[in-house]
Asker: 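The structure follows.
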Amino acid sequence: MSEGEISMDDPRADDVRQLLERHHEFANAHSPPEDVHALDVDGLLDPGVMFFSFRLDGELLGIGALQQLDLGHAELKSMHTAHARRRHGIGRAMVAHLVGVARHRGFRRVSLETGSMSAFATARSLYADAGFRPCGPFGHYRASPNSTFMTLWLDGPDATA
């Protein structure tokens with residue numbers, strides 16, 4: 001789906017809020033409350049977060065964010081594609097865009113947390129296809145059987161991931 005456009009967006013926009021609501025509903029339906037790490041609108045407005053949307057002819061089809069953890073490390077957050085448009089390359093385009101932004105900003109590593117349950121299998125596959133590999137908890141996360149942690153080193157493979 002190359003005809004869409006990814007650009008910075010405002011998480012307070014009505015259509016974005018609606019898609020974020022579906023993102024939170026999905027996370028809460030498949031994860032226990034203590035393992036739902038999705039950012040809310042206020043979290044997405046943090047100065048350390050860059051929030052993007054994928055739109056086609058003005059229609060919001062996907063969202064994603066990049067959160068700075070430290071000078072060399074960022075985290076993918078709030079990845080979600082509209083249900084009717086899944087498996088059309090929107091998630092793949094968003095991941096590629098976010099990794100490109102991370103490279104441009106000089107990050108050495110991009111990590112993420114996603115669910116370990118079967119409902120998140122497609123997401124884990126998407127990230128693995130983009131080069132992310134399993135890693136241990138990072139940042140504020142703690143080990144949990146409900147979480148899968150993945151990382152991508154932007155300056156080549158690193159055995160300490």
Side-chain angles (χ1 to χ4, degrees), residues 6-11 16 19-54 61-82 86-87 89-161:
I6 298 174
S7 59
M8 291 191 81
D9 209 335
D10 185 347
V16 172
L19 192 54
L20 281 169
E21 204 170 287
R22 289 193 286 281
H23 177 60
H24 284 260
E25 288 169 359
F26 178 86
N28 284 298
H30 299 287
S31 301
E34 66 273 13
D35 286 320
V36 174
H37 303 288
L39 293 176
D40 59 12
V41 172
D42 288 339
L44 292 168
L45 290 170
D46 184 279
V49 176
M50 293 173 286
F51 180 77
F52 297 88
S53 66
F54 182 106
L61 301 178
I63 54 174
L66 192 66
Q67 181 175 31
Q68 182 173 343
L69 300 177
D70 62 39
L71 291 176
H73 193 188
E75 180 181 3
L76 290 188
K77 296 294 291 183
S78 301
M79 287 281 302
H80 196 84
T81 300
R86 292 187 181 155
R87 299 197 182 271
I90 295 168
R92 183 173 29 259
M94 183 62 76
V95 169
H97 181 81
L98 295 173
V99 168
V101 169
R103 274 195 174 96
H104 179 75
R105 293 187 57 102
F107 292 109
R108 291 185 53 239
R109 179 181 178 196
V110 179
S111 300
L112 62 93
E113 181 277 339
T114 190
S116 62
M117 294 68 87
S118 62
F120 297 93
T122 302
R124 291 189 307 271
S125 178
L126 168 70
Y127 300 133
D129 288 349
F132 285 82
R133 298 295 172 249
C135 68
F138 57 90
H140 70 279
Y141 294 105
R142 301 291 173 252
S144 168
N146 301 307
S147 291
T148 296
F149 302 99
M150 302 178 83
T151 200
L152 174 67
W153 286 91
L154 300 179
D155 56 356
D158 189 321
T160 64

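Keep in mind that the numbers below use all heavy atoms, side chains included, and drop hydrogens, waters and symmetry copies. What you see is a predicted model, and the numbers here were worked out from it, not measured in a lab.
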Asker: Below 4.5 Å, heavy atoms only, C-beta onward: do Arg108 and Leu154 meet side chain to side chain?
Answerer: no
Asker: Where is the tightest heavy-atom contact between Ile90 and Gly62, given as atom of each residue plus distance?
Answerer: CG2-CA, 4.2 Å
Asker: Could you pull out the closest heavy-atom pair between Leu66 and Ala74, with the gap in Å?
Answerer: CD1-CB, 3.8 Å
Asker: Calculate, to the nearest 0.5 Å, the distance between atoms CD1 and OG belonging to Ile63 and Ser78 respectively.
Answerer: 6.0 Å
Asker: Kindly give the heavy-atom pair with the smallest separation between Leu61 and Leu19, and that separation in Å.
Answerer: C-CD2, 4.3 Å
Asker: Nearest heavy-atom pair of Ser53 and Asp9: which atoms, and what distance?
Answerer: OG-OD2, 2.6 Å
Asker: Do the side chains of Phe51 and Val16 get nearer than 4.5 Å, heavy atoms only?
Answerer: yes
Asker: For a quick test of your reading: what N or O donor-acceptor pairs under 3.5 Å do the side chains of residues 134-141 make, sequence neighbours left out?
Answerer:
unit_1	atom_1	unit_2	atom_2	d
Tyr141	OH	Glu75	OE2	2.4
Tyr141	OH	Lys77	NZ	3.2

Asker: Are Phe107 and His73 an aromatic pair by the rule of ring centers under 6.0 Å?
Answerer: no
Asker: Check Met94 against Gly64 and note the closest heavy-atom contact, atom names and distance.
Answerer: CE-N, 3.8 Å
Asker: Please examine the side chains of Leu152 and Tyr127, heavy atoms only from C-beta on, and report whether any two atoms are closer than 4.5 Å.
Answerer: no
Asker: Rounded to the nearest 0.5 Å, how far does OG of Ser147 lie from CZ of Phe120?
Answerer: 9.0 Å
Asker: State, yes or no, whether a side-chain contact exists between Leu98 and Phe52 at a heavy-atom distance under 4.5 Å.
Answerer: yes
Asker: Can you find a pair of side-chain heavy atoms, one from Arg92 and one from Leu126, that are under 4.5 Å apart?
Answerer: yes
Asker: Looking at Arg124 and Met117, would you say the former's side chain and the latter's main chain have a donor-acceptor pair under 3.5 Å?
Answerer: yes
Asker: Indicate the atoms forming the closest heavy-atom contact of Gly91 with Thr81, along with that distance.
Answerer: N-OG1, 3.8 Å
Asker: side-chain contact (heavy atoms from CB on, under 4.5 Å), that's the test. Do Met50 and Arg105 meet it? Break it down for me.
Answerer: CA-CA 11 Å; Met50 293 173 286; Arg105 293 187 57 102; 3.3 Å; yes
Asker: Listed by chain and number, what are the side-chain contact (heavy atoms from CB on, under 4.5 Å) partners of Arg133, not counting sequence neighbours?
Answerer: Ala128
Asker: Less than 4.5 Å apart, any side-chain heavy atom of Phe132 and any of Leu76?
Answerer: yes
Asker: List the residues meeting side-chain contact (heavy atoms from CB on, under 4.5 Å) with Ala119, not counting sequence neighbours, and say none if there are none.
Answerer: Phe26, His30
Asker: Determine whether a donor-acceptor pair (N or O, by modelled atom type, separation under 3.5 Å) exists between the side chain of Thr151 and the backbone of Val110.
Answerer: yes
Asker: With the side chain counted from C-beta on, respond yes when Val49 and Leu45 share a heavy-atom pair under 4.5 Å apart, and no when they do not.
Answerer: no
Asker: Any side-chain heavy atom of His80 sitting closer than 4.5 Å to one from Leu20?
Answerer: no
